[in-house]
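Counting convention: from 1, in listed order, for ligands and their atoms alike. Throughout, residue positions are numbered sequentially from 1 according to the sequence presented. The structure presented is a predicted model; accordingly, all values stated were derived computationally and were not measured.
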Amino acid sequence: MSNWEKNVRKVVPYVPGEQPHEADMIKLNTNENPYPPSPKAAEAIRRVAEEDTLRLYPDPTAAELVQAIADVYHVSTKQVFVGVGSDDVLAMAFMTYFNSDKPILFPDITYSFYDVWAEEFRIPYEQIPLDENFCIVPEQYFAENHPNGGIVFPNPNAPTGVELSLSAIESILQNNPDVVVIVDEAYVDFGAATAQPLLEKYENLLVVQTTSKSRSLAGMRIGYAIGNEKMISYLNDVKYSFNSYTMNQTTIAAGAAAIRDVEYFRKTVKKVIETREWSKEELKKLGFSFEDSKSNFIFATHKSVPAGKIFQALRERHIYVRYFEKPRIDNYLRITIGTREEMQTLFDFLKDYLKEG
Ligand SMILES: *Cc1c(COP(=O)(O)O)cnc(C)c1O
């Protein structure tokens, strides 16, 4: 009997939030932006489609996009890495920087892709519990307390929305000079402070961002990392050894146009933040509690009705939120901030439902 399956790399895959397609649905389950991307992105896609370039390979360095990011964030192009969504950037970063026998560290409640990549690349890992208020405890990440082969966490954290201060991040860097520290800033534009200013002092820091949330381009798949030149060159070496043409021509052009349209970006982000702050008030009135969110979602628990029950009731009404059946968080709902109208519909439904329940 053949035994080929013994040599197969077996993984338990990451499960993304569902993507239902119902005409009347309200989709608040995958932290997408409710507003369209900059109109300049669509213009750029049309321009590329009309040029005689699609028969050619794209620029493997994605120079147009890298230049736009370097200009907007005031760094050198050698400090910028781009990938197919920040998921691709993070996967490449895990492969590049996490090659120690010691475990990498990340929170117990966090982005659920980290343990999947660690398993897939056979990187040992240890999950450090958040405190009872869902906060990261910086000291637990210090090398002298927890010898480690690297550190990764989102800021703000997902799915909690809780921000870690820059001084806390700096203390983690100060106490880990011998490993790479990755800060996943998928939601930072919605009100948290970026760790980018720390790049000047700490050459082992990598800051990862995405156009999927704050720039409304989840469908294009564009993520990027900013770090020091040496770090970025190691990352590029791994990427080019894997697949050199990861970003297509339309993506490069649309991403560059969206990144350069800073005014549009600020306007959209401001609207999401305003709706989030109003939503916090409404949720409190409905009997929900939550830690303060600096992201485009609120992670909330209800004083009397179990989260799983609310989730099902919302689902039947075609209102989609995210529910994780995991220890410590199985009585919470992660609610993405939609338009004001979408949130109003959600709150109207909840008002009736919770009265009956
Ligand atoms: C959404 C998300 C990502 C991935 O986003 P991409 O669409 O792949 O850029 C990465 N990290 C966290 C914490 C996220 O929530």
Side-chain angles (χ1 to χ4, degrees), residues 13-19 27-34 37 41 62 65 69 80-95 104 106-118 120 127 130 134 136 151-164 169 181-192 194-195 206-226 235 239 243 246-248 251-252 254-255 258-259 265 269 272 276 293-299 320-324 326 329 332 334-337:
Y14 170 76
V15 184
E18 44 177 337
Q19 292 291 350
K27 196 169 177 305
L28 308 173
N29 69 332
T30 52
N31 297 344
E32 287 140 334
N33 199 306
L65 176 58
I69 294 166
V80 178
F81 175 86
V82 296
V84 185
S86 55
D87 284 343
D88 179 43
V89 175
L90 288 162
M92 291 294 139
F94 270 53
M95 208 191 283
I104 61 165
F106 49 85
D108 62 338
I109 300 167
T110 195
Y111 188 36
S112 45
F113 224 138
Y114 298 157
D115 56 337
V116 174
W117 287 314
E120 179 161 23
Q127 290 163 292
L130 298 178
F134 287 159
I136 287 176
I151 291 167
V152 59
F153 56 85
N155 190 39
N157 194 10
T160 62
V162 174
E163 178 187 19
L164 186 64
I169 295 176
V181 176
I182 300 175
V183 183
D184 178 355
E185 296 190 335
Y187 302 103
V188 78
D189 295 325
F190 297 106
T194 174
L206 189 79
V207 175
V208 177
Q209 295 196 356
T210 175
T211 66
S212 295
K213 280 108 185 192
S214 57
R215 288 186 177 82
S216 312
L217 282 175
M220 285 308 279
R221 315 303 305 128
I222 303 165
Y224 49 97
I226 301 178
L235 195 51
K239 166 192 164 150
N243 177 358
T246 54
M247 304 201 75
N248 69 62
T251 301
I252 293 169
I259 296 271
F265 157 73
V269 162
V272 173
R276 178 189 69 207
S293 167
K294 291 290 176 63
S295 61
N296 67 339
F297 56 83
I298 297 171
F299 196 54
Y320 293 87
V321 299
R322 194 88 194 261
Y323 173 62
F324 301 93
K326 288 185 176 174
I329 58 170
Y332 283 79
R334 193 195 67 188
I335 305 165
T336 303
I337 303 302

Quick one: look up the protein heavy atom nearest [atom] and list residue, atom name and how far away it is.
atom: atom 5 (O) of ligand 1; value: Ser86 OG, 3.2 Å
atom: atom 8 (O) of ligand 1; value: Arg221 NH2, 2.7 Å
atom: atom 3 (C) of ligand 1; value: Lys213 NZ, 3.4 Å

*Start with the C-alpha gap between Asn33 and Ser214, add the side-chain angles, then the distance that decides, and say whether side-chain hydrogen bond (donor to acceptor under 3.5 Å, both in side chains) holds.*
CA-CA 7 Å; Asn33 199 306; Ser214 57; over 6 Å; no
*Is it possible for you to check whether Lys239 lies under 6.0 Å from the centre of the six-membered ring of Phe81, through NZ or CZ, and within 45° of that ring's axis?*
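Because its charged atom sits under 6.0 Å from the ring centre and within 45° of the axis, Lys239 does stack over Phe81.
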I need the contact type for [X] against ligand 1. Using non-hydrogen atoms and a strict under-4.0 Å cut-off, is it side chain, backbone, both or neither?
X: Tyr187; result: side chain
X: Asp87; result: both
X: Ser212; result: side chain

*Test Tyr187 against Phe297 for ring-ring contact (aromatic ring centres under 6.0 Å, His included), laying out the working first.*
CA-CA 9 Å; Tyr187 302 103; Phe297 56 83; 4.9 Å; yes
*May I ask you to decide if the ring planes of Trp117 and Tyr111 are parallel, tilted or perpendicular, using 30° and 60° as cut-offs?*
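Trp117 and Tyr111: perpendicular rings.
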*Run the numbers for me: atoms of ligand 1, each under 4.0 Å from some heavy atom of Ala186, listed by number.*
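Taking each heavy atom of Ala186 in turn, ligand 1 has 2 (C), 11 (N), 12 (C), 14 (C) under 4.0 Å.
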*asked:* Can you name the atoms of ligand 1, numbered from 1 with element, that are less than 4.0 Å from a heavy atom of Gly85?
replied: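 In order of numbering, the contacting atoms are 8 (O), 9 (O).
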*Please determine, by modelled atom types, if Asp88 and Thr246 share a side-chain donor-acceptor pair under 3.5 angstrom.*
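Thr246 and Asp88 do not have a side-chain donor-acceptor pair below 3.5 Å.
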*Run the salt-bridge test on Glu32 and Lys27 with the 4.0 Å N-O cut-off and return the result as yes or no.*
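Salt bridge between Glu32 and Lys27, a charged N being under 4.0 Å from a carboxylate O: yes.
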*Compare every heavy atom of Lys294 with every heavy atom of Pro156, then report the nearest pair and how far apart it is.*
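The answer is CG-O, 3.6 Å.
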*Asp184 touching ligand 1 at heavy-atom level, < 4.0 angstrom*: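 Yes, Asp184 has a heavy atom closer than 4.0 Å to ligand 1.
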